[in-house]
Amino acid sequence: MTQTQQKTTPMASPDDGLGPVARFLKATEIDTRLLGMAGALLLIWGGFHVYSIFVNGNAGFITPRNLWNLSVQTSSIGIMATGMVLVIITRNIDLSVGSILGFCAIIMGVVQVYVLPDYLGLGNPLIWIITAIVGMTVGAVIGAFQGWLIAYRGIPSFIVTLGGLLVWRGCAFLVVRGETISPVDSTFALLGGGPYGAVGATGSWIVGLLACAGIIWMLISGRAQRKTHNFALRPAWADVFLGCLGCGMVIGAVLVVNAYPWPKGIVDAYAKANNITVPPEGMFISHGFAIPVLILVAVGIIMTFLLTRTRFGRYVFAIGGNPEAAALAGINTRWMTLKIFSLMGLLAGLSSVVASARLNSATGALGTLDELYVIAAAVIGGTSLAGGVGTIYGAIFGALVMQSLQTGMPFIGFDAGLQQVVVGTVLVLAVYLDILYRRKAK
Amino acid sequence: MTKRGTPLVEMRDISISFGGIKAVDHVTIDLYPGEVVGLLGHNGAGKSTLIKCLSGAYQKDAGQILINGQEVEITNPRDARAQNIETIYQTLALADNLDAASNLFLGREIIGGLGFVNDSKQEAETRKIMARLNPNFRKFSVPVSALSGGQRQSVAIARAVYFNARILIMDEPTAALGPHETQMVSELIEELKRQGLGIFLIEHDIHNVMKLCDRASVMKNGQLVGTVNVKDVTDDDILGMIILGKKPAHLAA
Ligand SMILES: Nc1ncnc2c1ncn2[C@@H]1O[C@H](COP(=O)(O)OP(=O)(O)OP(=O)(O)O)[C@@H](O)[C@H]1O
Ligand SMILES: [Mg+2]
């Protein structure tokens with residue numbers, strides 16, 4: 001009896017009256033907003049591609065090289081956007097992340113170039129670890145301080161972080177009187193990507209296969225969970241489809257990053273350093289996934305679990321949905337706010353590691369205007385400024401959309417003014433579409 | 001009715017004011033195990049404010065709260081929950097963006113292996129208790145903003161009774177419920193009473209008060225008019241207390 005019931009009513013409510021597409025979306029539980037974002041992204045890429053071929057007459061935008069660079073450039077904004085989701089869900093805002101990033105970069109520059117080599121010796125493998133920990137700690141402490149002002153002193157987050165925007169940027173310049181610290185520790189620099197800062201073809205396959213295994217495990221354990229409680233199951237074909245889709249995308253990404261070879265100069269230098277003779281037709285050494293991209297993926301996964309599976313995440317949503325109810329349920333909302341801002345600061349510190357490593361130097365101007373791109377990424381990704389709603393994957397997607405515009409427009413030769421016009425318009429348009437979507441979903 | 005032993009709850013001489021307004025003005029009430037005490041009064045009399053001092057939502061300006069004869073400090077909702085005090089607020093206090101199960105377990109999530117919230121266990125438990133309270137309830141996987149007023153109220157009631165309270169505060173629990181659901185809540189109150197819980201019931205419907213309550217305390221303009229045994233009075237007596245703010249002559253000592 002229960003057997004047949006489970007088979008005949010896959011999603012507990014009847015499917016009658018739905019078209020095949022709607023039925024498909026319902027069975028697979030695919031977020032239609034995610035589909036929309038994927039569509040928008042393909043549209044943007046496709047647009048740049050076609051434009052660059054027909055107008056500029058070059059090879060097009062969608063190449064392994066451009067996509068690889070895009071992935072690296074997305075990392076820094078993407079890492080911070082995952083934290084901004086939590087901040088915005090709880091009805092706050094953080095305008096200071098770009099300045100915190102700059103300040104952390106300067107502190108880390110001083111630590112790894114002026115301080116640590118004196119104690120550990122130049123090139124000591126501990127330098128990058130200590131530096132990164134110092135950077136993230138500084139970010140977390142700054143975030144906690146701002147969170148304390150907001151939660152325990154009742155100053156609106158907009159004001160506290162607007163002040164922070166100026167203060168931390170100013171401090172970044174004061175520390176070294178505006179000078180640039182360069183180059184950074186050579187191991188540290190790998191965290192920013194570049195040919196050596198990527199895991200190569202074999203490494204990428206390992207990462208990709210692990211990801212596929214993770215996807216399959218999640219689908220299977222999800223089914224098992226629902227079965228133990230006798231909840232309605234997704235139809236098996238839908239799970240198979242989701243598994244294939246997920247694994248297909250992962251493998252596609254691996255193929256793309258492995259299709260981007262090291263430039264000839266790097267290959268020659270590498271061959272020389274390792275006493276390899278380069279054959280006359282050249283050597284094809286793949287970049288593979290860049291380390292900052294792997295950092296972003298790891299952050300994305302951890303933050304997703306944090307937000308959707310832990311108590312902490314549940315409280316974030318509860319505070320955003322109804323702060324009073326959250327407090328009446330015994331949640332220490334102030335302490336939560338402090339922790340959320342501290343986490344945001346920590347992520348800004350991590351982002352600072354990636355950004356300064358990528359630049360191979362630390363300047364006080366690093367991260368200027370990042371707060372706007374980070375907020376835009378979160379909002380484009382479906383985080384509601386009214387609070388209570390948002391996803392991590394959406395924000396990372398949003399960061400990718402923002403960065404695609406940022407990278408693509410100079411590529412096809414749009415000048416700076418036009419770029420700003422487009423980015424601003426896209427932001428407003430994306431939020432408007434989101435509002436329309438929500439109204440319809442209600 | 002005969003009172004023996006120490007009361008479950010004593011609120012002595014409680015006062016709280018907002019700005020210049022004395023919302024609760026030297027009010028003393030008590031509650032015994034297995035008893036339902038009705039709290040009555042016109043709109044704005046101070047009923048909700050009084051019980052919020054007990055549930056930890058507000059902090060009293062003056063007065064004492066005793067649980068089982070021991071004075072306790074209740075400075076936040078966690079303190080109240082630690083004393084097994086559960087509250088159904090008039091506003092329901094639900095997070096609209098979360099589903100029924102997440103609301104029911106808010107602040108007390110079931111944690112599974114790896115330290116993650118066990119959502120399916122929570123949903124299963126929610127289904128169990130809702131089957132008792134509101135068997136027609138089906139909307140387990142949507143945010144509670146998508147529920148009707150009565151369905152939301154069922155969720156709030158389920159949350160209060162799920163965690164084995166000793167002291168239950170119900171602020172107009174049936175205001176949004178249909179006749180059948182109201183009947184089920186009445187039966188629930190009777191059952192909880194038999195189990196020895198003490199219940200403060202804020203209720204405007206005199207009928208329900210006469211049916212469910214053992215005693216009734218009436219407030220007016222923040223002050224206590226008086227407390228009567230429901231058995232000894234008629235509904236007109238209680239109405240008189242609410243409107244005139246005076247104890248009926250035959251009870252005034
Ligand atoms: N947070 C607050 N700030 C200011 N005044 C308040 C607050 N809460 C309650 N009051 C005031 O305290 C008084 C008592 O309000 P309360 O909510 O306790 O009334 P009530 O008896 O529950 O009424 P009702 O039957 O309408 O629910 C009212 O005059 C109200 O305006
Ligand atoms: Mg009230």
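Sequence lines set the chain letters: A, B, ... in the order given, protein chains first and strands last, and positions in each chain run from 1.
- Salt-bridge check for B/K139 with B/D99: failed, with every basic side-chain N at 4.0 Å or more from each acidic carboxylate O.
- Heavy-atom pairs under 4.5 Å with chain A were tallied for B/N97, B/N118, B/D96; the largest tally goes to B/N97.
- For chain A, the nearby part of B/L94 is the backbone; its heavy atoms alone come within less than 4.5 Å.
- Only the side chain of B/R127 has a heavy atom closer than 4.5 Å to any heavy atom of chain A.
- The interface of residues 311-319 of chain A with chain B, defined by heavy-atom distances below 4.5 Å, comprises A/R311, A/R314, A/Y315, A/F317, A/A318.
- Proximity of B/L201 to B/I189: side-chain heavy atoms (C-beta onward) are separated by under 4.5 Å at one or more points.
- Salt bridge absent: B/E125 and B/R108 never bring a charged side-chain N and a carboxylate O closer than 4.0 Å.
- Between B/E109 and B/K121, no side-chain nitrogen of the basic residue sits less than 4.0 Å from a carboxylate oxygen of the acidic one, so the salt-bridge criterion is not met.
- Counting heavy-atom neighbours within 6.0 Å of A/F158 CZ, excluding the residue itself, gives a total of 12 or less.
- Annotation: maximal heavy-atom pairing with chain A below 4.5 Å, among B/T87, B/L92, B/V117, occurs at B/V117.
- Atom OG of B/S154 sits about 5.5 Å away from atom CG of B/L177, to the nearest 0.5 Å.
- Using a 4.5 Å cut-off between heavy atoms, B/N103 makes no contact with chain A at all.
- Within residues 60-78 of chain B, the residues having any heavy atom under 4.5 Å from a heavy atom of chain A are, by residue number, B/P77, B/R78.
- Of all heavy-atom pairs spanning B/G198 and B/L8, the tightest one is N-CD2, 3.6 Å.
- B/L133 places a side-chain heavy atom less than 4.5 Å from the side chain of B/I157.
- Within the 4.5 angstrom heavy-atom criterion, only backbone atoms of A/T308 (N, CA, C, O) approach chain B.
- A 6.0 Å sphere centred on CZ of B/R132 holds no more than 12 heavy atoms belonging to other residues, nucleotides or ligands.
- Heavy-atom distances place no part of B/F105 under 4.5 Å from chain A, backbone and side chain included.
- Here the CD1-OH distance, from A/I301 to A/Y393, works out to 15.0 Å after rounding to the nearest 0.5 Å.
- Side-chain contact between B/F18 and B/T49 is present, with at least one heavy-atom pair separated by less than 4.5 Å.
- Checked for salt-bridge contact, B/D171 and B/K47 miss the test: no charged N lies under 4.0 Å from a carboxylate O.
- When heavy atoms are compared at a cutoff of 4.5 Å, B/D79 does not approach chain A at all.
- A 4.5 Å side-chain heavy-atom check between B/Q59 and B/C53 finds every atom pair outside the cut-off.
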